[in-house]
Amino acid sequence: MRLNYGEERAELRDAVYRGDAGSLVDILKREAWPENALQLTGDGLLLVLHAPTEGIDEAAHRCVTALWDRGWEGDADLAAGLEAALGSGPVPLLRPLPVDLEELVGVLEGDPATGGGRIDLRTGDVWSQSATEYAEETGDIDDDEQRWLWVECEGSRAGYRDRELFIAAVDDTDQVNQLGIAIGGRGAFRRFKDQLSRWPELLERWYAFSEDRQRGRARAWLGAQGYAPAPRQPRS
């Protein structure tokens, strides 16, 4: 039985975050991959490329081609990393750092009033501004400046652009009109999500679209600082 869109996405995320090479390759052997998940897929492949799993190199080459063709921010960085791991391209001159890109997104694209933070260059851990301030108050933080990579919050402009691009790709004229109205003025992000909640599958597609674009931007930001996200240990 064919999985619906939300189930496909959940299945992919589960395989990636468990570092399950067999399950990931089984998913990627299908003709159609989960939509708007190339960044997540590429990170999963980087984590398990060492595993002796039949079909894994073919899936990685297919992902590289799809990333180059799509061309979102961060796609070229990931494609180059995959090519280097496959031995088909040069190794990028970036220092590996085991950063959780979803956590980096939280400090990079949060509320400018409370966003921003730092990355521990020894561990790759991402510290939000509030966590940093609390640790400073309790004295539970190393003040060695060379240990940290500071992250300035870039705000929600890119997120707003994501909404515009997503709406432009929707086929249903009524949905396009209602979503276009929702993103106008103050409270746009909340209204946009409220409207999307009326159409559960479209909401799932938005989550995937948004997360993959955010993941790519975080990867590109990290690359501009001279680092590449290294695979983290799979979650149990």
Side-chain angles (χ1 to χ4, degrees), residues 2-102 104-105 124 162 165-166 169 204-235:
R2 182 178 178 80
L3 301 176
N4 65 36
Y5 185 79
E7 291 171 335
E8 283 186 340
R9 180 167 166 267
E11 181 187 39
L12 175 63
R13 288 179 65 85
D14 181 64
V16 169
Y17 283 93
R18 287 189 296 109
D20 186 336
S23 294
L24 181 60
V25 170
D26 284 344
I27 294 169
L28 300 182
K29 283 181 178 178
R30 299 169 188 165
E31 181 177 353
W33 286 4
E35 184 182 356
N36 293 326
L38 287 178
Q39 284 281 328
L40 179 63
T41 299
D43 274 332
L45 287 166
L46 281 174
L47 180 62
V48 301
L49 267 178
H50 64 279
T53 305
E54 183 180 355
I56 196 166
D57 284 3
E58 291 84 351
H61 282 294
R62 181 179 170 188
C63 187
V64 166
T65 299
L67 286 163
W68 284 121
D69 287 346
R70 187 174 71 170
W72 287 358
E73 189 173 2
D75 282 356
D77 306 73
L78 180 53
L82 279 167
E83 287 177 334
L86 288 163
S88 59
V91 176
L93 298 177
L94 299 172
R95 288 162 285 183
L97 189 64
V99 175
D100 185 313
L101 290 178
E102 292 182 4
L104 177 55
V105 166
D162 288 347
L165 292 172
F166 181 77
E204 286 289 343
R205 292 180 182 277
W206 159 249
Y207 283 145
F209 179 86
S210 173
E211 288 175 11
D212 225 44
R213 287 185 65 83
Q214 288 177 332
R215 197 179 190 93
R217 286 195 294 269
R219 186 186 308 279
W221 181 90
L222 201 61
Q225 314 309 311
Y227 297 91
R232 297 175 68 91
Q233 290 298 316
R235 301 177 186 180

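- When all heavy atoms are compared, the tightest approach of Val105 to Ala218 is CG2-CB, 3.9 Å.
- Separation of atoms CG (Leu104) and CG (Leu222) is listed at 6.5 Å; rounding is to 0.5 Å.
- Looking at Glu11 and Ile27, their side chains come closer than 4.5 Å, going by heavy atoms from C-beta outward.
- Between Arg213 and Phe166, every side-chain heavy-atom pair lies at or beyond the 4.5 Å cut-off.
- To the nearest 0.5 Å, atoms OG1 (Thr65) and CZ (Arg62) are separated by 10.0 Å.
- Minimum interatomic distance between Gly42 and Leu78 (heavy atoms only, all atoms of both residues): CA-CD2, 3.8 Å.
- Looking only at side-chain heavy atoms (C-beta outward), Trp72 and Leu38 stay at 4.5 Å or farther from each other.
- At a threshold of 4.0 Å, the pair Glu102-Arg215 counts as salt-bridged, since one of the basic side-chain nitrogens sits closer than that to a carboxylate oxygen.
- If you take CZ on Arg9 and CG on Asp14, they are separated by 13.0 Å, rounding to the nearest 0.5 Å.
- How far OG1 of Thr41 is from CG of Asp212: 7.5 Å, rounded to the nearest 0.5 Å.
- Summarising the geometry, atom CD belonging to Gln225 is positioned 10.0 Å from atom CZ belonging to Arg95; distances are rounded to the nearest 0.5 Å.
- Summarising the geometry of Gly55 relative to Val25, their closest heavy-atom pair is C-CG1, 4.1 Å, with the distance given to 0.1 Å.
- The two atoms that bring Ala21 and Thr53 nearest to each other are CB-OG1, 3.5 Å, heavy atoms only.
- In plain terms, the two heavy atoms of Ala15 and Ser23 that are nearest each other are CB-CB, 4.0 Å.
- Within the 3.5 Å criterion, the main-chain N or O of Gly74 finds a donor-acceptor partner in the side chain of Gln39.
- Comment: Arg219 does not engage Asp77 in a salt bridge, judged by the lack of any side-chain N to carboxylate O separation of less than 4.0 angstrom.
- Expressed to the nearest 0.5 Å, how far OG of Ser88 lies from NE2 of His61 amounts to 5.0 Å.
- When side chains are defined from C-beta on, Asn36 does not count as touching Arg205, because their heavy atoms never get closer than 4.5 Å.
- Two residues are said to be in side-chain contact when any heavy atoms from C-beta on lie closer than 4.5 Å; Glu204 and Glu8 fail this criterion.
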Only pairs under 3.5 Å count here: list side-chain donor-acceptor contacts from residues 44-51, not counting sequence neighbours, and write none if there are none.
| residue | atom | partner | partner atom | Å |
| --- | --- | --- | --- | --- |
| His50 | ND1 | Leu47 | O | 3.2 |

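- Across Trp68 and Ala80, no two heavy atoms sit closer than the pair CZ2-N, 4.3 Å.
- Under the 4.5 Å side-chain criterion, counting only non-hydrogen atoms from C-beta, Leu12 is not in contact with Trp33.
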